[in-house]
Enquirer: 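Starting off with a structure, shown below.
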Amino acid sequence: MVPVVQLMCCTTLLTLFSQAVSEHEQGKMMGSAAAGFGLSFAINAALIGILAMLHLNTPILVAALLLFASVILMLKYRAPA
């Protein structure tokens, strides 16, 4: 189930990104975004193994802290209405 949701999120993000740039830059943007997604999946796979060696709940705690930090940053830097 989780890989299906990840693929749907990546596809949605690519669609939003491609609509935000001109037609001439869409290919470059999609390639860069795909490279970023691949890098993030590789970092995730490496870190989750290291964090799980510390304690079984450490990856969940780190994910919760990073999610909380992202919410704070989104609220701080949101676009004015």
Side-chain angles (χ1 to χ4, degrees):
M1 180 68 180
V2 173
V4 172
V5 174
Q6 284 179 340
L7 289 174
M8 288 173 59
C9 288
C10 288
T11 305
T12 303
L13 283 173
L14 280 175
T15 303
L16 291 172
F17 290 161
S18 69
Q19 290 177 351
V21 298
S22 68
E23 290 184 18
H24 300 289
E25 296 176 333
Q26 285 182 350
K28 187 186 304 183
M29 184 284 314
M30 291 178 76
S32 299
F37 292 149
L39 181 64
S40 68
F41 290 148
I43 291 171
N44 179 35
L47 285 180
I48 201 163
I50 293 169
L51 292 174
M53 287 190 322
L54 298 174
H55 190 273
L56 190 57
N57 292 333
T58 306
I60 297 170
L61 178 64
V62 170
L65 289 173
L66 290 174
L67 179 64
F68 182 71
S70 69
V71 169
I72 297 297
L73 289 172
M74 286 188 336
L75 290 174
K76 183 177 179 181
Y77 295 109
R78 68 179 170 198

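Excluded from the calculations below are hydrogen atoms, water molecules and symmetry mates; all remaining heavy atoms, backbone and side chain alike, are included.
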Enquirer: Please tabulate, for the side chains in residues 71-78, all donor-acceptor contacts under 3.5 angstrom to protein atoms that are two or more places apart in sequence or on a different chain.
Expert:
none

Enquirer: If you link I, L, V, M, F, W and Y whenever their side-chain heavy atoms are under 4.5 Å apart, who else ends up in the same group as M53?
Expert: none
Enquirer: Quick one: side chain to side chain contact (heavy atoms under 4.5 Å, CB included) partners of T58, sequence neighbours excluded?
Expert: L51, L54, H55, V62
Enquirer: Using residues 10-17 as the side-chain source, report each donor-acceptor pair under 3.5 Å to any protein atom, sequence neighbours left out, with the distance given to one decimal.
Expert:
from, atom 1, to, atom 2, distance (Å)
T11, OG1, L7, O, 2.7
T12, OG1, M8, O, 2.8
T15, OG1, T11, O, 2.9

Enquirer: Return the set of residues passing side chain to side chain contact (heavy atoms under 4.5 Å, CB included) with H24 (not counting sequence neighbours), or none when no residue passes.
Expert: S22
Enquirer: Apart from I60 itself, what residues make up its hydrophobic cluster, given side-chain heavy atom links below 4.5 Å?
Expert: none
Enquirer: Please determine whether residues V21 and M30 belong to a single hydrophobic cluster, defined as Ile, Leu, Val, Met, Phe, Trp and Tyr linked transitively by side-chain heavy-atom distances below 4.5 Å.
Expert: yes
Enquirer: Check side chain to side chain contact (heavy atoms under 4.5 Å, CB included) between I43 and all other residues, then give those that pass, not counting sequence neighbours.
Expert: L39, L47
Enquirer: List the atom of P59, the atom of A52, and the distance in Å for their closest heavy-atom pair.
Expert: CG-N, 3.8 Å
Enquirer: What is the distance from atom OG of S18 to atom NZ of K28, rounded to the nearest 0.5 Å?
Expert: 15.5 Å
